[in-house]
Every structure is written in structure tokens, then in C-alpha cells.
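Quick note on labels: first sequence line is chain A, next is B, and so on, each numbered from 1. Basis for what follows: all heavy atoms, side chains included, without hydrogens, waters or symmetry-related copies. Note that the coordinates shown come from a computational prediction; the quantities given were computed from them, not determined experimentally.
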Amino acid sequence: MTNQSEETDDLTLISDKLIVQALMAPDKCPWTKGRKSSASASNSRTPRNKSLPPKKPKKKDATPRKVLPPKVTPSTSAVHEKIEHGEYSCLEDDGNPIALAVPERKELCVTLPPCAPFGDQSVDARSKVRKLLKLFQLICRKLMQAEEQQLRNFGRIDLEAIEVLKKYDGYSKPDAIVGDVPGVVVGDEFHFRVELSIVGLHRIYQGGIDSAIVDGTRIAISIVASGGYPDELSSSDELIYTGSGGKATGKKDAEDQKLKGGNLALKNCIKTKTPVRVIHGFKGQSRSEVGQSKSKQISTYTYDGLYVVVDCWQEGASGSMVFKYKLKRILGQPELALHIVKETRMSKVRKGLRCPDISLEKERIPICVINTIDDAQPTPFEYITKVIYPPSYAKEPPQGCDCTDGCSDSSRCACAVKNGGEIPFNFNGAIVHAKPLIYECGPSCRCPPTCHNRASQHGIKIPLEIFKTGETGWGVRSLSSISSGSFICEYAGLESSTSETMEESVGFTIDAAKCGNVGRFINHSCSPNLYAQNVLWDHDDKRMPHIMFFAAENIPPLQELTYHYNYTIGQVRDKNGVEKVKECLCGSADCCHRLY
DNA sequence: GAATATTCAGGATG
DNA sequence: CCATCCTGAATATT
């Protein structure tokens, strides 16, 4: 609908505010209020002190740069009002610090955002769920970071993280829910069983069948099928599930499964016609990145939707009988993206393929263009992978570190020190949390390219594709699942100064109308799944940091990638200073229907 | 030897 | 005390 290159007119940003998304939420970041020095912005290991008065952000110092979204702006609105109402806040700011109960001398402190959103009626269930999950994932990344710095060894990060989360105001034990859980949508992905429990999808940690008593009878409310038993996940909408207990789990003694507990509950569902939530677990989807350390086995749990139990019988030889259940998926629910991806991968020809690699091999992996809506092709542009700086501009050489130990000692690595004494990435490449500015190691550092403090400078690693959306023109998505914190891509384009001379210039913008990379196709959303992070690595000019997109949550395959353009209403004017209005079409629940 | 499969042990919840 | 469609680390196997 909107065409990028048509919108190349005079967008003028009258506000000098710079707003960038926090990893936690569409939030009010330090940028909004002026910048803190990156060193003081880090809260990763502040001493524990709950009564610490909230830090007042500095009014404003040097305003670096405005993020100019692609001039092709599809749809949008602004989160501005919410920011004004203080509904959101960012990790870097005045959160309530919660100390981890680390039974060793070294205490870890995770700063959590204020808990206003919880229990607030105005926040819909979906936002709550997403916030809780983001919070949990943030804690996990923090713990992982601590583990990697060898401050401490947690066996089970998931269990450790839930302990922290429990201390957070707004966390409560989930009630038993029959049917869909408000805020959870078919296709949602999780990485730990604990996460299923947090959102109330499946409350027990290990058991496969969660049940509740309704009207005096025990009925099943959710099941997890993750390969522990030989279930049959036949084709599409049917599932044969194996009961719990007996020998199947690898017991020493053969034993018949008993019709009690979960087994009975599941059988009762036939009579009561109770819908059962099905969560599908997949194992070993880990994809070892090139040059990365050993890839951990990663399990993914996908919410498959509601099923009804239609049949129940016993199977097997006497002495090792098991219960089997036949479940049918209730019609009218969205198809799992996973299945579509499977079909797509199976089929030889890709439907709607308009271009096998729009980057013309400039990226490490091809980025194809898919259009199953009409015949349109993207408007031609020059594909570049790196930002192009103004001709007159000579980049300041960065001051690197001289680490030879892989920058492992974050108190000695000069780059880590600039990041407030931490390497802001986990060893798997995920960003730990949003910061005003991140310093990656660069060309003048002595560390090798495999250093963990170089997460976003090696280009795109996740297979992305450009596709035609219904309403918003072109968009970007992936056939793979993306886990929270993953680096997606840079926003590349022509860097230009907003004032006459380079020297006096206060603001810079990136214009991707004529040349750019995939980043120029990423649409706006009021509840985005990516966020933009400022990063410096190949130069030290804070006025024009790289703008790097990271996943703010787990993103299922085929879901469109979006970030918040961060316009404010009234911000954009035409040549004559007249306010311009653009409708937001992002369609999210908290959309305010105006991009600017 | 490294990548993968199997087993073991520790653990939270009900 | 019991058991569980978990996890991560330790062994075993290709």
C-alpha cells in the first residue's frame, strides 16, 4: 500500500528527542529523557538496596541522533501517550531492584521495571502475558551472563529465574483455566516448561497432564506432547496421546498404567466435552552458528490450540498396558506456522518467489522476496550492507581493548568497561538487555572476531525474507523461530547530517530510500517484536551509532518482524510546518491508530 | 575428535 | 514419601 520511495518527501523531525525501544517493552527509555553515560546506565550489578531512591535521569545532554525509519512507512501510531502516562518504563531507569537470592557472597541484582502494568485493567491480557515472558527471559539472560562471567554456576537457569520472578509484585500463581488462556495465542513459543506454568498454559513443571476439578469431576485442562512417550502426531488435526505412568517412561518394573490422576482426568474429558489445550514440544532445534561455541540443546514448546478428546482405550501386553487417547483439534483455530513452514520446506518451488536474493549475495545468506498477493516487485534500490557515511566525514578511530583472553575479564576489557563493566551479550549471541548505547569490540581491538562482544557486527545470521503483506506493503519475516535477544539486522542506509556542516551537526538520520538493506522493509508496530539498539564498534562517533535490531521476545516462524518507529504525534511536519498525519495499520490491540 | 545419543542425578510441585 | 512427556552435565557411541 505504502510505497517506500514515494514517501521520500520532506519529513522533518521537529522533536530532538530520541526514542528507542527497550528490550523489555515498548517503553520509555533513557533516550526519551536524555542520555545517561553508558557507564552509569548499567545497572547490572548495582548493590542490593531496595530502598534506593529512584535515580532521576539527567535532563538532557548531547542529543545524538534521531532514528529515521524507512521513508516507506506503512502503518502506525505512537506509544507516546503511554509514555506520558508513565505506563511503561525501561530497565535502565528507576526499576525496583530485586536481589537474587544467591547463597554465595556475591549477590546479583536484577533491576526490574516498576510493576504498574500488572493488575492494571487497562492493560489487556496479551500485554500482560508478553510482559511476564519478557521479564522471565530477561532474568534468564542476566543469570546466563553471570554464569558466563563465572560469578556463579546455576544448574537450572529456568528454576533460578522463576524464583526471582516470584518476588516480583504482580506475579501470582496461575489459576486453573479451562479452554484458551487469555493473552496466549495459538503459535506462541516457549523455551522452558516453567514458562508454560508462568502464563497458566500448563501449570505443572514435569507432568504431561494438567488437570482441575470442575463440578466435582477431575478433568484435564492441558497436555504437553514432547516426545516422552511414543505419541502419534498424525498429519494435521489429530493426535494420539499416551497416558501417564507405567513402564513407558523407562521404569525398571513393568507396570500397567492406572486409570487415575491425569489419565482419569483425560478420559473424563470425553464425557464432559471439555476442550484441552495442547502444547507441542520439539527438541534439539538448536542451530549452531558458525564459529560459535558448542550449541546447547534447545527445546521449544508451541501452543497448538484446543482439542477435544474423542476416544480412550488401553493398549499393550498385560503387565505393561498403557492408555491411549485420541484428540481432535477444534476447527476454526489458526493453522500452526510450523506446519506451513514444513510444507514450504518440503515443496521444491517456493510459491510467490519474486527474487531469490535481493541482496545479490552481499549478505552472508540470501534474502528472498515472496509475494503471494499480487504481481508487484519491490521498487528497485541499491542494496548495501553497511551504512554509508557522508563523504566529508572521517570516522574517528575507536579505542579498542587489548584483551587476548576473549574479553572474559569484564573489569579489564576496555570495551566491557565502556559498557558499564559487562559484556552485554550472552555467549549465544543474544543481547542481555537494552542499553542507551553499546560498545562492541572493533577493528582496533586485539580480540578475535569470535569475541562475544561482537554480536551484531558480523551481519545477518537469521534467514530473513521480504514478503508482501496485506495492508502495509512489504514486510520482513523468517521461516525460522527466533529467540528473544537474537540479533536480526542493521538499519543500513545513507547517513546524513540534519544541519549544514558536519562539525556543528547535532543530529543525524539514516535515509534508506535510495539504498539500504533488509532493514528498510521492516514495518512499524505499536506492539513490536523487535527493538532498535544503538551500537558503536567501527568508530567512536556517538552522533551516529549503528542502529541494530534485536528480537524483543520469542518470535514464531512467519510472524512479521516489526519495531516501533517512535514518532510522536505532531512530530512530522511538511515544508510549511503543517502537521502531517499518517494512519497506523499495525492492528495490534494497543494501537493508537496514528503513526504520526 | 567432534557431533550426537543415552544415562544419571538433582529438583519443584502436588 | 511419591511420581512426573524437565534440564543440564556426565558418559557412551558414531
Side-chain angles (χ1 to χ4, degrees), chain A residues 101 103 136-137 140 143-144 146-148 150 152-167 171-176 190-198 200-213 218-233 239-266 276-304 307 315 322-325 327 426-428 483:
Chain A
F136 175 83
Q137 288 151 11
C140 284
L143 295 175
M144 225 181 291
E147 200 170 67
E148 287 161 356
Q150 295 175 352
R152 171 91 217 276
N153 195 19
F154 313 100
R156 294 275 302 265
I157 286 194
D158 54 335
L159 297 180
E160 208 70 46
I162 186 72
E163 286 306 310
V164 178
L165 190 63
K166 277 179 187 166
K167 298 194 181 109
Y171 173 83
S172 57
K173 268 197 206 162
D175 295 326
F190 309 85
H191 287 158
F192 291 103
R193 283 286 296 263
V194 170
E195 291 180 287
L196 302 177
S197 172
I198 292 172
L201 202 57
H202 188 84
R203 300 167 304 159
I204 44 182
Y205 284 10
Q206 290 189 219
I209 306 169
D210 193 4
S211 61
I213 292 173
R218 181 163 288 276
I219 50 153
I221 56 176
S222 59
I223 60 174
V224 174
S226 52
Y229 292 81
D231 306 316
E232 287 169 43
L233 305 141
L239 163 68
I240 309 291
Y241 192 75
T242 310
S244 170
K247 199 194 179 232
T249 33
K251 282 261 166 67
K252 30 197 164 168
D253 307 319
E255 194 187 16
D256 283 347
Q257 287 189 349
K258 304 268 168 25
L259 191 57
K260 58 173 188 181
N263 291 352
L264 180 58
L266 208 44
V276 177
R277 291 185 295 271
V278 172
I279 297 105
H280 200 146
F282 302 87
K283 280 181 185 159
Q285 274 194 345
S286 66
R287 239 162 242 180
S288 50
E289 295 287 348
V290 197
Q292 282 291 346
S293 54
K294 53 184 171 232
S295 55
K296 253 201 295 192
Q297 167 120 342
I298 249 184
S299 50
T300 304
Y301 297 96
T302 307
Y303 178 44
D304 197 336
Y307 282 65
E315 235 178 62
V322 295
F323 283 95
K324 291 275 182 179
Y325 303 87
L327 290 94
N426 288 138
F427 286 6
N428 60 8
S483 61

side-chain N/O Ser244(A) vs dC5(C) OP1/OP2, d < 4.0 Å: yes
Modelled atom types, side-chain donor and acceptor of Asp231(A) and Thr242(A), under 3.5 Å: yes
Value in whole Å for how far the C1' atom of dC6(C) lies from OH of Tyr229(A): 13 Å
Rounded distance (Å) that lies between atom P of dC5(C) and atom CZ of Phe282(A): 18 Å
Sugar-phosphate, base or nothing in reach of Ser197(A), heavy atoms under 4.0 Å: nothing
Interatomic distance, Ser197(A) atom OG to Phe136(A) atom CZ [nearest 0.5 angstrom]: 9.5 Å
Intra- and inter-strand pairs of DNA chain C in dot-bracket (Watson-Crick or G-U wobble, both distances under 3.5 Å; | for another strand): .|||.|||||||||
NZ-CG distance between Lys324(A) and Asn263(A), expressed to the nearest 0.5 angstrom: 12.0 Å
Could you write out each protein N or O paired with an N or O of nucleotides 12-14 of chain C at a distance under 3.5 Å?
none

Distance, nearest 0.5 Å, that separates OH of Tyr229(A) from OG of Ser244(A): 4.5 Å
Euclidean distance, atom CZ of residue Phe190(A) to atom P of dC6(C) [Å, nearest integer]: 16 Å
Least distance between heavy atoms, Leu266(A) atom then Ala220(A) atom: CD1-CB, 3.4 Å
Partner set under side-chain contact (heavy atoms from CB on, under 4.5 Å) for His191(A), not counting sequence neighbours: Glu195(A), Thr300(A), Ser483(A), Asn554(A)
Spacing of OH belonging to Tyr205(A) relative to CZ belonging to Arg193(A), to within rounding of 0.5 Å: 11.0 Å
Atom of Val224(A), atom of Tyr241(A) and distance for their closest heavy-atom approach: O-OH, 2.9 Å
Distances under 3.5 Å between nitrogen or oxygen atoms of protein and nucleotides 12-14 of chain B:
{"unit_1": "dT13(B)", "atom_1": "OP1", "unit_2": "Lys166(A)", "atom_2": "NZ", "d": "2.6"}

From CG (Leu165(A)) to SG (Cys140(A)), nearest 0.5 Å: 9.5 Å
d(CD, Glu160(A); C1', dG10(B)) in whole Å: 13 Å
Tabulate protein N/O versus nucleotide N/O from nucleotides 7-9 of chain C, keeping only pairs under 3.5 Å, one per line.
{"unit_1": "dT7(C)", "atom_1": "OP1", "unit_2": "Arg193(A)", "atom_2": "N", "d": "2.7"}
{"unit_1": "dT7(C)", "atom_1": "OP2", "unit_2": "Tyr301(A)", "atom_2": "OH", "d": "2.8"}
{"unit_1": "dT7(C)", "atom_1": "O4'", "unit_2": "Arg156(A)", "atom_2": "NE", "d": "3.1"}
{"unit_1": "dT7(C)", "atom_1": "O4'", "unit_2": "Arg156(A)", "atom_2": "NH1", "d": "3.4"}

Heavy-atom donor-acceptor pair, Glu148(A) side chain to Asn426(A) backbone, under 3.5 Å: no
Residues that Arg203(A) engages under salt bridge (charged side-chain N to carboxylate O under 4.0 Å, His left out), provided they are two or more places apart: Asp210(A)
Sidechain-backbone polar pair: Gln257(A) side chain, Gly243(A) backbone, donor-acceptor under 3.5 Å: yes
Rounded distance in Å - CG (Asp304(A)) to P (dC5(C)): 18 Å
Gap between atoms NE2 and C1', on His202(A) and dC6(C) respectively (whole Å): 11 Å
Euclidean distance, His202(A) NE2 relative to Ile221(A) CD1, rounded to 0.5 Å: 8.5 Å
